[in-house]
Student: 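Take this structure first; my questions come after.
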Amino acid sequence: MSDNRTVFERENIDLPRGMQPFIDPFEDLGAVARKGKNGWFFNFHGTSEKGDVITFTYKIYVLTVMVGIKPVVMINTVFSITNETTGWHQSEEKFYPAKKRGSVNFAELGVVTNYGELNGDYDEMHLTEILIPWANIDLKIKGFGNILYNSFSGQTRMGDSVFNHYSVPEMETTGTIILDEEEHQVEGSIWFERYTSDFGKGKNKNIEDNYHWLQVNMTLDDSVEKICIISSVDNITGREYTWATILNEDGSNMAVTVHPLIENTREYWESEVTSQRYPKTMVAKIPCLDTELEITTAVDEQEVVSEAREGCRYAGSGYFKGTYKGKEVTGFCALEMNGIWE
């Protein structure tokens with residue numbers, strides 16, 4: 001957590017940006033009824049009082065689908081948690097009707113899953129989830145710094161799919177994490193992402209059928225600046241599209257082109273469960289910023305297994321080193337790889 005951060009308040013981030021984003025981080029924090037897909041994503045990196053480095057990725061999706069003329073609300077949760085110090089890892093995915101095991105508040109932030117709950121605002125969020133029998137989290141989260149509007153405008157496109165997407169990369173986090181009945185009092189930071197989109201249409205509506213892609217959320221050790229890299233590969237043409245969104249120290253955003261990231265992969269980890277081959281080490285080159293960063297996963301086995309192969313993903317933590325804007329840097333990151341990796 002950087003020392004020269006500012007308290008996360010609306011007046012600190014309502015700066016002229018030249019282009020109005022497609023998403024309002026205050027109005028759209030809670031579920032947006034007009035969107036078929038709503039998502040809240042949490043990437044945690046912290047340390048326990050025992051000195052263990054603990055990380056997790058937790059994603060909550062609220063999906064509103066039409067069954068005839070009646071809307072049905074579904075909840076999908078994805079959880080991947082790692083003790084980097086010991087190498088321990090567990091993950092799970094759940095998908096169920098909200099009516100049976102949860103609820104969604106469309107007026108303010110409030111999602112109840114089958115075991116946990118998300119509520120609050122940027123001043124204080126409360127996140128709980130009991131993943132019987134191997135984990136439990138109970139965390140308080142407070143926002144600092146500025147907003148990162150992904151792709152500069154807060155809107156990202158892959159093929160026919162368009163996503164509204166922003167991040168609060170620095171949220172101070174404290175609380176309790178229990179792993180295999182061992183309790184850890186933790187302090188750290190969460191990179192929070194908010195996502196909305198509509199369902200695709202036609203025969204190519206499932207993006208996983210057409211693309212595989214990765215996202216890397218990067219936190220520098222000695223700077224308040226943040227980097228989000230997205231790289232997507234068209235499964236039909238094989239063409240890779242890679243770009244980065246930069247949150248500068250003054251709160252401004254920029255979007256820049258990155259050299260093909262997946263083409264600059266040096267080694268892979270192959271899952272014994274799914275046979276997916278995920279990149280372990282890759283190099284991000286951003287010539288216009290005099291930047292070259294080597295990204296490495298922290299632990300090999302950080303896969304989330306789904307019933308459908310295209311739903312399997314890598315969701316975990318990693319580290320990077322290299323040069324950023326001509327200066328030597330280090331830092332940690334959260335990585336997610338979606339789609340089919342062969």
Side-chain angles (χ1 to χ4, degrees), residues 1-15 17 21 23-26 28-29 39-48 53-60 84 109 118-127 137 139-152 154 165-175 177 186-195 215-230 244-255 291 293 295 298 315-320 324-325 327 329-336:
M1 190 74 69
S2 54
D3 293 331
N4 57 337
R5 65 195 177 194
T6 56
V7 176
F8 188 87
E9 296 174 348
R10 186 163 189 154
E11 56 266 27
N12 289 334
I13 66 167
D14 250 354
L15 303 173
R17 298 180 182 275
I23 194 167
D24 186 314
F26 293 92
D28 293 340
L29 178 59
W40 300 262
F41 310 155
F42 301 85
N43 298 135
F44 172 75
H45 184 282
T47 306
S48 76
V53 176
I54 298 174
T55 62
F56 68 71
T57 294
Y58 182 35
K59 305 172 82 78
I60 302 173
E84 292 185 4
L109 181 61
L118 166 66
N119 58 55
D121 54 28
Y122 294 119
D123 290 331
E124 184 173 292
M125 289 186 195
H126 190 204
L127 180 64
I137 62 172
L139 302 173
K140 290 184 178 179
I141 308 164
K142 181 178 177 63
F144 287 89
N146 290 285
I147 297 288
L148 184 150
Y149 294 97
N150 290 76
S151 304
F152 180 73
H165 187 193
Y166 74 88
S167 298
V168 182
E170 192 168 357
M171 298 197 78
E172 185 179 82
T173 304
T174 57
I177 295 179
V186 297
E187 293 184 356
S189 180
I190 276 179
W191 181 305
F192 168 72
E193 296 180 68
R194 181 73 176 94
Y195 153 97
Q215 179 173 326
V216 189
N217 293 337
M218 310 176 76
T219 298
L220 286 79
D221 287 333
D222 298 313
S223 173
V224 298
E225 296 192 16
K226 304 292 189 295
I227 309 167
C228 174
I229 298 177
I230 297 176
T245 309
I246 311 293
L247 175 59
N248 296 308
E249 186 173 0
D250 64 359
S252 62
N253 282 221
M254 69 171 74
T291 293
L293 300 169
I295 304 161
S317 58
Y319 293 87
F320 63 90
Y324 174 64
K325 295 182 178 178
K327 297 180 180 180
V329 296
T330 57
F332 61 87
C333 57
L335 303 98
E336 183 169 3

Student: Checking E193 now: which residues fulfil side chain to side chain contact (heavy atoms under 4.5 Å, CB included) with it, not counting sequence neighbours?
Tutor: F41, N43, H165, S167, W191, Q215, N217

Student: Would you indicate whether the side-chain heavy atoms of F44 and I137 approach each other to under 4.5 Å?
Tutor: no

Student: Test of understanding: with ring pair (Phe, Tyr, Trp, His ring centres under 6.0 Å), list the residues that count as partners of F320, not counting sequence neighbours.
Tutor: none

Student: Identify, with sequence neighbours excluded, every residue that meets ring pair (Phe, Tyr, Trp, His ring centres under 6.0 Å) alongside Y166.
Tutor: none

Student: Between Y319 and F332, how do the two ring planes meet: parallel, tilted or perpendicular, split at 30° and 60°?
Tutor: perpendicular

Student: Can you list the residues that meet the side chain to side chain donor-acceptor pair (under 3.5 Å) rule with D221, with sequence neighbours excluded?
Tutor: T330

Student: Of all residues at least two apart in sequence or in a different chain, which pass the side chain to side chain donor-acceptor pair (under 3.5 Å) check with T291?
Tutor: none

Student: Counting only heavy atoms not in D222 (residues, nucleotides, ligands), do more than 12 fall under 6.0 Å from its CG?
Tutor: no

Student: Identify, with sequence neighbours excluded, every residue that meets side chain to side chain contact (heavy atoms under 4.5 Å, CB included) alongside S48.
Tutor: K50, D52, I54, H184, V186

Student: Suppose we screen for salt bridge (charged side-chain N to carboxylate O under 4.0 Å, His left out). Which residues come up paired with E225, at least two apart in sequence or across chains?
Tutor: K325

Student: Only counting residues at least two apart or in another chain, list the ones meeting side chain to side chain donor-acceptor pair (under 3.5 Å) with D121.
Tutor: none

Student: Hey, are E336 and T57 close enough side-chain-wise for a donor-acceptor pair under 3.5 Å?
Tutor: no

Student: Measure from the side-chain N and O atoms of Y122 to the backbone N and O of V168, and report whether any donor-acceptor pair falls under 3.5 Å.
Tutor: no

